[in-house]
Amino acid sequence: MTGQPPEPSPRPVPSGELRASHDDREAVVEQLRDAAAEGRIDFDELDSRLEQALTSKTHAELAVLTADLPGLNSSESQAPLVLEGGMFGASRGPGRWEVPGHVITRGGVGGVKLDFTRVECRLTEVAVEAYGETSGVTIVIPDAWAADTSGMDPGIGGLTDKTTPDRLPGTPLIRLTGSGGMAGVVIRHPNRRERRKLHSNPPQG
């Protein structure tokens, strides 16, 4: 009996051909408006590019409109995000927020939680410095993301890495450094409660 030939694998879609979301178009609109305000493009050109941005269907079509402008997500142009736990704690997420190339977290007495599960991040890497100090730092990343914790000093509190290496193409790598301090640092994927919230109210994009 002759076996059936294996079906060919589907052709991966080039990133430029991926369909653009409302948020993608809105991000380009904001970048164009900022460029006009800075004098990089005149207002006639702004109107033309805005019209094209609002009707663009793919990432490639949007990229053409900003190719001659400073990068929107350039890590060099963004200041680090600093979260200090202090006395009462600090958190970022799980809602949408703009991810810079560098994040610094210090647990302090109140602790810090950094949640990436609802963000759209086009950076290939995000450097996260985590210092557990007295109450610790918890970092939550989507299932598709991966983490490199080789540069982390576990300290007394230790490092708990519950992430998997199953990183999807085009998703960021979290490069974790710092020290566990007294309370430690945890990096993981969403837990059951967080997954229920994500499923009942998935990210719009």
Side-chain angles (χ1 to χ4, degrees), residues 21 23 26-27 30 34 71-168 170-205:
S21 69
D23 286 342
E26 185 59 31
E30 289 301 316
D34 289 344
L72 183 65
N73 282 315
S74 172
S75 59
E76 291 83 10
S77 65
Q78 290 179 296
L81 168 65
V82 180
L83 293 176
E84 300 273 1
M87 290 294 295
F88 303 104
S91 65
R92 182 59 58 96
R96 288 181 179 274
W97 51 281
E98 185 176 0
V99 181
H102 189 189
V103 182
I104 302 170
T105 59
R106 300 184 184 277
V109 177
V112 167
K113 184 175 182 180
L114 183 63
D115 190 333
F116 291 95
T117 53
R118 289 183 181 271
V119 304
E120 288 185 5
C121 180
R122 298 177 188 170
L123 299 171
T124 56
E125 288 190 7
V126 179
V128 178
E129 291 182 50
Y131 302 94
E133 298 183 343
T134 305
S135 290
V137 173
T138 298
I139 302 163
V140 185
I141 65 175
D143 293 327
W145 296 19
D148 176 2
T149 61
S150 60
M152 188 75 187
D153 175 7
I156 296 174
L159 167 68
T160 302
D161 182 358
K162 296 182 178 180
T163 63
T164 65
D166 304 325
R167 178 186 176 196
L168 290 182
T171 61
L173 173 71
I174 299 296
R175 198 169 294 281
L176 186 63
T177 59
S179 171
M182 294 292 293
V185 171
V186 176
I187 184 165
R188 59 175 174 80
H189 299 300
N191 58 29
R192 286 185 180 181
R193 180 178 58 82
E194 291 161 342
R195 288 183 192 281
R196 284 198 298 270
K197 286 187 176 182
L198 283 169
H199 290 155
S200 62
N201 184 23
Q204 300 298 310

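Throughout, numbering of the chain's residues begins at 1 and tracks the sequence.
- Looking at V137 and Y131, their side chains never come closer than 4.5 Å, going by heavy atoms from C-beta outward.
- No side-chain heavy atom of F116 sits less than 4.5 Å from a side-chain heavy atom of P172.
- Interatomic distance, S21 OG to E26 CD, rounded to the nearest 0.5 Å: 10.5 Å.
- Two residues are said to be in side-chain contact when any heavy atoms from C-beta on lie closer than 4.5 Å; E129 and P80 fail this criterion.
- For T171, there are no side chain to side chain donor-acceptor pair (under 3.5 Å) partners at least two apart in sequence or on another chain.
- In this structure, the side chains of I139 and V103 stay at 4.5 Å or more apart for every pair of heavy atoms.
- In plain terms, the two heavy atoms of G136 and A183 that are nearest each other are N-CB, 3.2 Å.
- A pairwise comparison of heavy atoms in G132 and V185 identifies N-CG2, 3.9 Å as the closest pair.
- Looking at every heavy atom in both residues, L198 comes nearest to P190 through CD1-CG, 4.0 Å.
- Counting heavy atoms from C-beta outward, P142 and V119 have side chains that stay 4.5 Å or more apart.
- Note that the CE atom of M182 and the CD1 atom of I156 stand 5.0 Å from one another [nearest 0.5 Å].
- Within the model, atoms OG1 of T164 and CG of D143 stand 6.5 Å from one another, a figure rounded to the nearest 0.5 Å.
- Summarising the geometry of G155 relative to S179, their closest heavy-atom pair is CA-OG, 4.2 Å, with the distance given to 0.1 Å.
- A pairwise comparison of heavy atoms in S135 and G107 identifies CB-O, 4.4 Å as the closest pair.
- Of the N and O atoms on the side chains of E194 and H189, not one donor lies less than 3.5 Å from an acceptor on the other residue.
- When every heavy atom of L159 is checked against every heavy atom of P154, the shortest pair comes out as N-CB, 3.9 Å.
- The stretch residues 84-94 participates, sequence neighbours left out, in no side chain to side chain donor-acceptor pair (under 3.5 Å) pair at all.
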Check the pair R167, D148 against salt bridge (Lys or Arg N to Asp or Glu O under 4.0 Å), reporting the backbone distance first and the verdict last. CA-CA 11 Å; R167 178 186 176 196; D148 176 2; over 6 Å; no
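- Note: I174 CD1 to L123 CG = 9.5 Å, rounded to the nearest 0.5 Å.
- Paired with T149 under the rule side-chain contact (heavy atoms from CB on, under 4.5 Å), one option of T163, V128, T177, D161 passes, and it is D161.
- Judged by distance alone, the side chain of W145 and the main-chain N or O of T117 form no donor-acceptor pair under 3.5 Å.
- Between V82 and R106, the closest side-chain pair of non-hydrogen atoms is not below 4.5 Å.
- Taking the side chain as every heavy atom from C-beta outward, K113 and V140 approach each other to under 4.5 Å.
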